[in-house]
Amino acid sequence: MTRDMTEGAPARLILQFTLPLIFGNLFQQLYSMVDTILVGRFLGKQSLAAVGSTGSLSFLLIGFCLGLCSGFAIPVAQHFGGKRIEELRQSVGNIIWLIGAASVLFTVLTVLLCRPMLAAMNTPEDILEEAYRYLVVIFAGIPATFFYNIQAALLRALGDSRTPVLFLMLASAVNILLDFVLILFTPLGAAGAAAATVISQLLSGGACFLFILKKFEILHLSKDHLRLRSECVGELLSAGVPMGLQTSITAVGSILLQISVNALGSLAVAAVTASGKISMLFCCIFDALGVAMSTYGGQNIGAGKTERLTPGLWAGMGIGSLYALLSLGIILLFGRGMMTLFVDKGETALIENAYRFLCINAAFYIPLVGVNVFRLLIQGMGYSKMAVLAGVCEMIARGVTGLFLVPAFGFTAACFASPIAWILADLFLVPAYFTICRHLRRWGVR
């Protein structure tokens, strides 16, 4: 079930690893889209705007949790690549303690601060209450988010990208079923969609746990492996916290942008929400490619095979760029029709705004490929702090756009916020990667 990415053609290995992740991400986006479609179609555009207004705040906090899980898995990938099995198990044992503590801390803080944070973002009064009910359920489910994602991250670190996907597909089907039940047949409203997401993640995590117990002996731990070790904790935090911060720092810029979009009214919020869901569906392949690059980088650094890193980087860029061009063509041709999934075709102003947002973003997908490939490879190599600086670049770009350009130029400026962020991040990441490579050669790391 594991896959060694230190031997063989980089392009083939990366593609083989990425394909199962693509299916998993597509299913994840599918049930996210079903949430949005049902909310928009059956609860109305104000409910759609309420859910959309929570996106950047959810990204800030849930994104930190996901980044933490991915970062904790990097030392595991490096130990696996170097065939250091005892160190791998000690890392996993300490991860359990850290994830447990993080689950409690983040759940308590986010639930208590949920309403003040939404108010601070100038969430329109007509959608504030429903946005709060939706988001507080998501935050209360943070332990379920950690439960699935840390196990999925560990399996991917061992080269198994298929198993987490299978359980995610099962959870997606359950989520969609629960969406219909909780949104259409209960008074929960948009909060029903949030509850369906949390329940499905819990189910997926439970299935993953049982599978690991049965099939992955390499992850079976003794009492000694569960002993807290300062060196393990330090190694894990130095990898995990920067990845979590990188996601959250990026999200700060998204929050500043969301505040400016909120000021344009609920119609603009709904347009960004609808186009964002379509964009996320296309971009989930870039996310899968990034995860593959992280595992590839971690295993090859762990094995001391740094000469394989740059060929892998160009393979990842080639795969992603070809897909980016295909995506742009599809969006240009069919983007307007896609928007009618979320709102009635009579909402012409909303549809045109959403289509414009989607097309402008799609025109810059190749820079987004660069962000995912370079940043996640750098993180897998163990240079997570460098990736944080790329997140700062994205935050600055979105923040400046939100604070200054959107008030001056309106909705069109919001459409360019992410492309500007991706380009600025690439201007940092590309030279950073080659600087790291020169450093490794100077120190004789091969």
Side-chain angles (χ1 to χ4, degrees), residues 20-44 47-48 50-55 57-59 61-63 65-66 69 103 107 110-111 130-131 133-153 155-156 161-211 273-274 276-285 287-288 291 338 341-342:
L21 291 174
I22 290 172
F23 285 109
N25 286 353
L26 285 172
F27 269 88
Q28 194 168 28
Q29 292 306 320
L30 175 63
Y31 74 67
S32 178
M33 282 184 63
V34 169
D35 286 353
T36 310
I37 290 168
L38 291 177
V39 168
R41 282 288 187 176
F42 294 98
L43 301 180
S47 294
L48 178 65
V51 172
S53 69
T54 69
L57 191 54
S58 177
F59 180 42
L61 298 162
I62 300 298
C65 299
L66 301 183
C69 291
S103 296
T107 302
T110 54
V111 168
E130 192 159 18
R133 290 197 300 268
Y134 176 87
L135 194 59
V136 78
V137 174
I138 293 292
F139 286 160
I142 282 177
T145 300
F146 269 124
F147 185 45
Y148 167 73
N149 282 283
I150 190 58
Q151 293 178 94
L155 292 177
R156 289 193 293 264
S161 58
R162 293 181 60 189
T163 300
V165 169
L166 295 176
F167 293 121
L168 187 58
M169 289 168 64
L170 172 64
S172 299
V174 173
N175 191 316
I176 291 171
L177 177 63
L178 288 174
D179 277 334
F180 280 96
V181 173
L182 297 178
I183 293 175
L184 301 184
F185 301 107
T186 75
L188 291 174
T197 298
V198 171
I199 294 169
S200 68
Q201 285 187 326
L202 187 62
L203 173 65
S204 186
C208 220
F209 179 72
L210 293 175
F211 187 83
T273 301
K277 289 298 180 181
I278 296 294
S279 185
M280 287 170 64
L281 182 65
F282 282 93
C283 291
C284 68
I285 294 180
D287 296 334
V291 173
M338 294 175 188
L341 291 170
F342 303 99

*Measure up the Phe209 and Phe147 rings against each other and bin them: parallel (under 30°), tilted (30 to 60°), perpendicular (over 60°).*
tilted
*Write down the atom of Cys284, the atom of Leu281, and the distance for their closest heavy-atom approach.*
SG-O, 3.0 Å
*Kindly write out the residues that satisfy side chain to side chain contact (heavy atoms under 4.5 Å, CB included) with Ala152, not counting sequence neighbours, or none if the list is empty.*
Tyr148, Arg156, Pro164
_Could you measure the distance from the CE atom of Met169 to the OG atom of Ser172? Nearest 0.5 Å is fine._
8.0 Å
*Ignoring hydrogens and angles, tell me if any N or O in the side chain of Asn149 forms a donor-acceptor pair with the backbone of Thr145 under 3.5 Å.*
yes
*For Ser204, what residues pass the side-chain hydrogen bond (donor to acceptor under 3.5 Å, both in side chains) criterion, not counting sequence neighbours?*
none
*asked:* Would you compute the distance between atom CD1 of Ile199 and atom CG of Asn175 and round it to the nearest 0.5 angstrom?
replied: 9.0 Å
*How far apart are the closest heavy atoms of Gly192 and Leu182, and which atoms are they?*
O-CD1, 3.5 Å
_Test side chain to side chain contact (heavy atoms under 4.5 Å, CB included) applied to Val174 and Leu178, Ile176, Leu177, the passing residue_ = Leu178
*What is the minimum heavy-atom distance between Cys208 and Leu155, and which atoms define it?*
SG-CD1, 3.7 Å
I'd like a table of donor-acceptor pairs (distance under 3.5 Å, sequence neighbours excluded) in which one partner is a side-chain atom from residues 134-143, with atom names and distances.
none

*So which heavy atom on Ala191 is nearest to which on Arg133, and how close?*
CB-O, 3.7 Å
